[in-house]
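Hydrogens, waters and symmetry mates are skipped; everything else that's a heavy atom, side chains included, is used.
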Amino acid sequence: MKCTFSSPDATSCSRCTPGGYECVFPGRKPRSPGVRTVLRHQLREKDAQVDELLDQINPPSATATPLGIVPSRLLLTPSERVAHREVLTWLERSAVQNLRAGGESRAKFDISSLEEGADSDVDSDEDNLLDIGSVRGSSPSGSSCDRIQSLPEESTPAGLLATSSFLYRRSKLVAGLPEGVRLAAESGEGFTYFLPGPAANLDLRRLIVERQSAPEILLSGLVTTEDVQNLFQIYFQRINSFVVLLDENIHTPTAVLSRCPLLFTVVCAVASKYYDEKPAMYQMAMHFAKAAAATAIIDGWKTIETCQAFILLSVFGPPVKRMEEDRAWCYTGIAFRLASELNLGRNPTVTATDEREERELLNKSRAWLICFLIDRCFSIQMGKPWMIPEDDTIRSASNWCSCSKYQNRYDVWLASMAELMSITSRFTAAVHPAFGNKSGESEDVDVATIQKVYAAELDDFSTRIAERHAEDFGSSDPTTSMQMILMQCIFHYCRLVVVSYGFQQTLMKGIIKAGDESLATCLQAASSVITATINGFARSGFMRYCPEIVFAQCAYAAALLLRCLEPTASGALDFKQEKRIVGLVQRLSITWTSGELANDKKHCAKPYIRLLQRQLEPHTARLIEVAKKSSSAVDVPAQSGFPKDLQISEPSGVISIPGNHPSGWNLASHEFAQPTLLSNPTYTTSWDEVYATSDGGQSHKIGFGGSYVGGTETDYLHAVLDLPENTWCI
């Protein structure tokens, strides 16, 4: 019965008052919960059960050291703090929550939200796990080959212990024990020590990432799900072509995040540097990347994705002001040790049964090959011993790049680069004292002979590469064209490393005389590096995305040219030759301060630009004084930032030296510069006709189109550097 009260203060209703009944009303009867409420309650219970099971399967390590970003200690400008106000607020709130929860507060992230067209309200964890085994964005879940391949060789002490542990678990002695004793024996520390952790199963690893290890770069809101798609697109279109590290078929944003939050964070951070929609994102993203890398070193998973993340950090790390702040060498050491521990260079013992497994095996071999490349590049650059050996996998790279129909289209370029680095590193090991070989300091060793042997080997390499990449030279694909240009630049750099050793030895011993062969070869090789950069790489559209080591290699060539202007070597050059060297370095400086790099004040090329400009100043001033005294300066259009007396205007024609070198390496075919003959009839005949040598023209012939053909190195010194004004030989 419904109770109706005559007044708010009445204690009895209108029905009970006339009859004198005691009015009792127990209140509203609780309604039954709706279906949505029941489902929510059940989901929360299931969620708590999943977290409890994950804590049992993947308990926190007792030795784990929590690390985090302290917002107040970040070196950010006031405008940057305003731009990242929400991110900094999240970091502070997260730190407080972790402190109150005793370090157990864990934010969750739904990985399925990164999938294009996914509906996070409909898809469940079980539905998402069904897609893990698909071809795109997945790999075998805890396959036996992964578990075995990560263990040491059986012939080693650790390998023998692991094998003994596995054999004992399967032995009849353990099987015959009572059930309780047998389970205790199988779960003991001595037997679980060599077993892989829960991260070996990719389905389980995805749950762990979602519920326990979601990357802060996403949780903080710095990178949204829409940004992730754009950043990965930038990475694969512009950055991955320099270091062909990831396979777009398996390294989708969803797959990368479910495998390794560190690699996901690093890819987003590296690509954010070129994310024009949010230019302020890069610096904050790199803070997250470095914090994630520090955590991965002390408590992270030992996986191939972690190795790949440190490779990216070493090649595309943030710019620094001083060399002592650079961590590239340290990052490479971590990556190489991980690659060795994971046995990425070991030939697989099983055969792939489908496309998914075959792509995973290729991914491991590719990572090992890239480790070798970067190891040799940095070792040659720094003059320090390398860590990755030249094993059968490296030596057979030319065969590996065509062993599968699922090969990356850029694997052939990768194999060619490995072959080039192998030749150069063997020369470095033969003459450099840092590699335990004192031959470079011995008086009875003919360094010139060693140089000629490896220079000839580089010539043979250029011939093979011209045939191997015959179709790539005329490719309309911008990435393929850029890689051919980059290979040419690195080839000339490697040749410069070979031929400059003798020149620097001669330079330290005393004054270089006119006609010295080592001076001529250095001038030729260094000029080729710079000219290929100016006329080729700068016009490829990829210079903005180029890693720092390429700029360092070109700066080395420019610095070596400027060393030729020092008093100990300048006596072998006349005024016009010195002027051409200064003009070439000026053109390089102008190229690096214009175009794509003009507005980027923090680009990795900036320190090298300032270094070259400072080294140019005394030589420019000296040549101006000489020009005034001799009145031999040529009046050409002035260029910004350089004295008019020493300007070299853009070439109106470029000599293309004829010869029998492979046509694939002709610079004109790469649109470096369109070759045109000069009006001066002296240079309309062939090189061999003008500069005939005493050996019948059978002198060193060097491919790649950026070098002379016919004539000796001394001929190059006196002929090429004495070409008419406004002409450049490429």
**OP:** For the pair Ser314 (side chain) and Ile311 (backbone), establish whether a donor and an acceptor sit closer than 3.5 Å, ignoring hydrogens and angles.
**Re:** yes

**OP:** Look up atom NE2 in His619 and atom CD1 in Ile581, then write down how far apart they are to the nearest 0.5 Å.
**Re:** 9.5 Å

Subject >> Any donor-acceptor N/O pair, Gln483 side chain to Ser241 backbone, under 3.5 Å >> reply: yes

**OP:** Answer whether the closest heavy-atom distance between the side chains of Leu616 and Leu562 falls below 4.5 Å.
**Re:** yes

Subject >> Side-chain heavy atoms of Phe503 within contact of Leu560, under 4.5 Å >> reply: yes

Subject >> Residue pair Cys494 / Met421, side-chain heavy-atom distance below 4.5 Å >> reply: yes

Subject >> Side-chain heavy-atom pair Pro478, Met482 within 4.5 angstrom cut-off >> reply: no

Subject >> Gln553 side chain reached by Cys489 side chain, heavy atoms, under 4.5 Å >> reply: no

**OP:** Using salt bridge (Lys or Arg N to Asp or Glu O under 4.0 Å) as the criterion, list what pairs up with Lys278, not counting sequence neighbours.
**Re:** Asp227

Original post:
For the side chain of His603 and the backbone of Arg544, is there at least one donor-acceptor N/O pair under 3.5 Å apart?
Top reply: yes

Subject >> Close side-chain approach of Phe242 to Val315, heavy-atom, < 4.5 Å >> reply: no

**OP:** Tell me yes or no: between the side chains of Glu467 and Thr463, is some donor less than 3.5 Å from an acceptor?
**Re:** no

Original post:
Hey, is the main chain of Glu325 close enough, under 3.5 Å, to the side chain of Arg327 for a donor-acceptor pair?
Top reply: yes

Subject >> Under 3.5 Å: donor-acceptor pair, side chain of Arg376, backbone of Ile388 >> reply: yes

Subject >> Rounded distance (nearest 0.5 Å) linking atom CG of Leu458 with atom CZ of Phe491 >> reply: 5.5 Å

Subject >> Any donor-acceptor N/O pair, Thr531 side chain to Ser528 backbone, under 3.5 Å >> reply: no

Original post:
If you look at every heavy atom in Leu245 and Ile370, which pair is closest and at what distance?
Top reply: CA-CD1, 3.4 Å

**OP:** State, with a plain yes or no, whether a side-chain heavy atom of Gln451 is found less than 4.5 Å away from one of Phe427.
**Re:** yes

Subject >> Side-chain donor-acceptor pair present, Gln381, Tyr493, cut-off under 3.5 Å >> reply: yes

**OP:** Would you mind reporting whether Phe378 and Lys384 have side-chain heavy atoms less than 4.5 Å apart?
**Re:** no

Original post:
Do Phe551 and Trp592 have ring centroids that are under 6.0 Å from one another?
Top reply: yes

Original post:
Does Arg622 pair with Glu625 as a salt bridge, N-O distance under 4.0 Å?
Top reply: no

**OP:** Measure the spacing between CG of Leu612 and CD of Gln586 and express it to the nearest 0.5 Å.
**Re:** 11.5 Å

**OP:** Determine, step by step, whether Glu617 and Arg614 satisfy the salt bridge (Lys or Arg N to Asp or Glu O under 4.0 Å) criterion, reporting the C-alpha distance in whole Å, the side-chain angles of both residues, the deciding distance to 0.1 Å, and the verdict.
**Re:** CA-CA 5 Å; Glu617 291 176 359; Arg614 289 185 177 276; 5.4 Å; no

**OP:** Please test Arg495 against Val529 for side chain to side chain contact (heavy atoms under 4.5 Å, CB included), starting from the C-alpha separation and ending with a verdict.
**Re:** CA-CA 9 Å; Arg495 187 171 184 275; Val529 174; over 6 Å; no

Subject >> Rounded distance (nearest 0.5 Å) linking atom CZ of Phe537 with atom CD1 of Ile485 >> reply: 7.5 Å

Subject >> More than 12 heavy atoms of other groups within 6.0 Å of Glu471 CD >> reply: no

Subject >> Cys522 to Ser500 - nearest heavy-atom pair and separation >> reply: SG-CA, 3.3 Å

Original post:
Considering the options Asp472, Asp477, Asn240, which one meets the side-chain hydrogen bond (donor to acceptor under 3.5 Å, both in side chains) requirement together with Tyr410?
Top reply: Asp477

**OP:** With rounding to the nearest 0.5 Å, note down the distance linking CG in Asn535 to OG in Ser540.
**Re:** 12.0 Å

Subject >> From CZ (Arg587) to CD1 (Ile530), nearest 0.5 Å >> reply: 10.0 Å

